[in-house]
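Residue numbers begin at 1 in each chain, while the letters A, B, ... track the order of the sequences.
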Amino acid sequence: MPAPTDRRYWLMKSEPESFGFDDLWNAPDRTTGWDGVRNYQARNFMRDDMHVGDGVLFYHSSGTPTGVAGIAEVARAAYPDPTAFDPRDPHYDAKSRPDAPTWLMVDVRAVEKLPQFVTLDALRAEPGLAEMQALRRGNRLSITPVTAAEWKLVRKLGGLR
DNA sequence: GCCAACGTTGGC
DNA sequence: GCCAACGTTGGC
């Protein structure tokens with residue numbers, strides 16, 4: 001674990017129809033590999049800024065409702081995403097090679113269930129979250145940084161202290 | 001280096 | 001299903 005002051009926070013999006021927070025909670029070791037990221041900004045966050053122990057807001061996108069469903073953490077730092085090497089995989093990318101991987105992934109572990117699901121409406125209604133990157137208009141990044149203040153507020157909205 | 005076309009994301 | 005927003009691609 002990094003020192004508390006080094007800990008960073010993230011919001012990571014997943015579509016609950018394919019993999020939701022409950023799926024993570026029920027997974028072996030409550031952990032899964034976050035594969036399939038094919039966006040350079042998101043990759044760079046994983047490669048350059050994510051550390052084991054960082055906090056993760058597990059966000060359900062395209063769900064009913066959308067919002068933060070649970071608390072997770074980074075369980076393994078960035079490593080090559082093998083789905084990019086498999087021609088049969090929907091996330092296959094010929095330009096990513098095992099000797100020079102383009103795409104990376106991290107492992108994420110569920111840590112706490114939220115007593116209350118934090119809907120997108122609830123996030124938008126909170127003045128302290130007005131600047132949160134994931135809420136900015138037109139944002140499509142699947143991984144975005146969250147400040148320590150935003151992290152605390154979202155936890156509080158979810159019924160945690 | 002510009003920029004139009006295209007594909008994808010994600011809220012509604 | 002629609003569509004705004006945005007990243008990527010590729011012709012020039």
Interatomic distance where [atom1] belongs to [X] and [atom2] belongs to [N] [whole Å]:
X      : N      : atom1 : atom2 : value
A:R43  : C:dG7  : CZ    : P     : 15 Å
A:D93  : B:dG7  : CG    : P     : 17 Å
A:F45  : C:dG7  : CZ    : P     : 12 Å
A:I143 : B:dG10 : CD1   : P     : 11 Å
A:L120 : B:dT9  : CG    : P     : 18 Å
A:D121 : B:dG10 : CG    : C1'   : 15 Å
A:N39  : C:dT9  : CG    : P     : 11 Å
A:E17  : B:dG10 : CD    : P     : 14 Å

Return the nearest nucleotide to the side chain of A:Q41; candidates are C:dT9, C:dG7, B:dG10.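 Looking only at heavy atoms from C-beta outward on A:Q41, the closest nucleotide is C:dG7.
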Which atom of A:V68 lies closest to which atom of A:L123, heavy atoms considered: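 Residues A:V68 and A:L123, closest heavy atoms: CG2-CD1, 4.2 Å.
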Aromatic plane relationship, A:F21 with A:W25 - under 30° parallel, 30 to 60° tilted, over 60° perpendicular: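 Ring orientation of A:W25 relative to A:F21: tilted.
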If the plane angle is over 60° it's perpendicular, under 30° parallel, otherwise tilted; pick one for A:F117 and A:H60.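 A:F117 and A:H60: tilted rings.
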Can a side chain N or O of A:K13 be found less than 4.0 Å away from OP1 or OP2 on B:dG10?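 Looking at the OP1 and OP2 atoms of B:dG10, one of them is under 4.0 Å from a side-chain N or O of A:K13.
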Phosphate-side-chain proximity, A:Y59 and B:dG11, N/O vs OP1/OP2 below 4.0 Å: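 Checking A:Y59 against B:dG11: at least one side-chain N or O falls below 4.0 Å of OP1 or OP2.
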Taking only nitrogen or oxygen atoms into account, show me every contact under 3.5 Å that the protein makes with nucleotides 1-3 of chain B, one pair per line with its distance.
none

With hydrophobic residues grouped by side-chain heavy-atom distances under 4.5 Å, do A:Y9 and A:L24 end up in a single group?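 Result: no, two separate clusters.
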Decide side chain to side chain contact (heavy atoms under 4.5 Å, CB included) for A:E73 and A:W10; before the verdict, give the C-alpha distance in whole Å, the side-chain angles of both, and the deciding distance to 0.1 Å. CA-CA 9 Å; A:E73 68 181 4; A:W10 307 94; over 6 Å; no
So, the side chain of A:D48 versus the backbone of A:F45: is there a donor-acceptor pair under 3.5 Å, distance only?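 Not a single qualifying donor-acceptor pair exists.
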Contact residues, residues 126-141 of chain A to DNA chain C [heavy atom, < 4.0 Å]: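 Hits under 4.0 Å, by residue number: A:R137, A:G138, A:R140.
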Bracket notation of DNA chain B in which parentheses pair within the strand, [ ] cross earlier pairs, and | pairs with another strand (Watson-Crick or G-U, under 3.5 Å): ||||||||||||
Would A:Y40 and A:W103 count as a close aromatic pair, with their ring centres under 6.0 Å?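 Between A:Y40 and A:W103, the centre distance is under 6.0 Å.
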Cation over ring face, A:R76 and A:Y79, 6.0 Å, 45°: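 Because its charged atom sits under 6.0 Å from the ring centre and within 45° of the axis, A:R76 does stack over A:Y79.
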For A:D81 and A:T83: C-alpha separation, side-chain torsions, deciding distance, then whether side chain to side chain donor-acceptor pair (under 3.5 Å) applies. CA-CA 6 Å; A:D81 180 349; A:T83 65; 2.7 Å; yes
Knowing that exactly one of A:L11, A:L57, A:L135 qualifies, which makes a side-chain contact (heavy atoms from CB on, under 4.5 Å) with A:T144?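 For A:T144, the side-chain contact (heavy atoms from CB on, under 4.5 Å) check succeeds only for A:L11.
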Give a yes or no on whether A:R136 atom CZ has more than 12 heavy-atom contacts from other residues, nucleotides or ligands under 6.0 Å away.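 Atom CZ in A:R136 is packed in, count exceeds 12.
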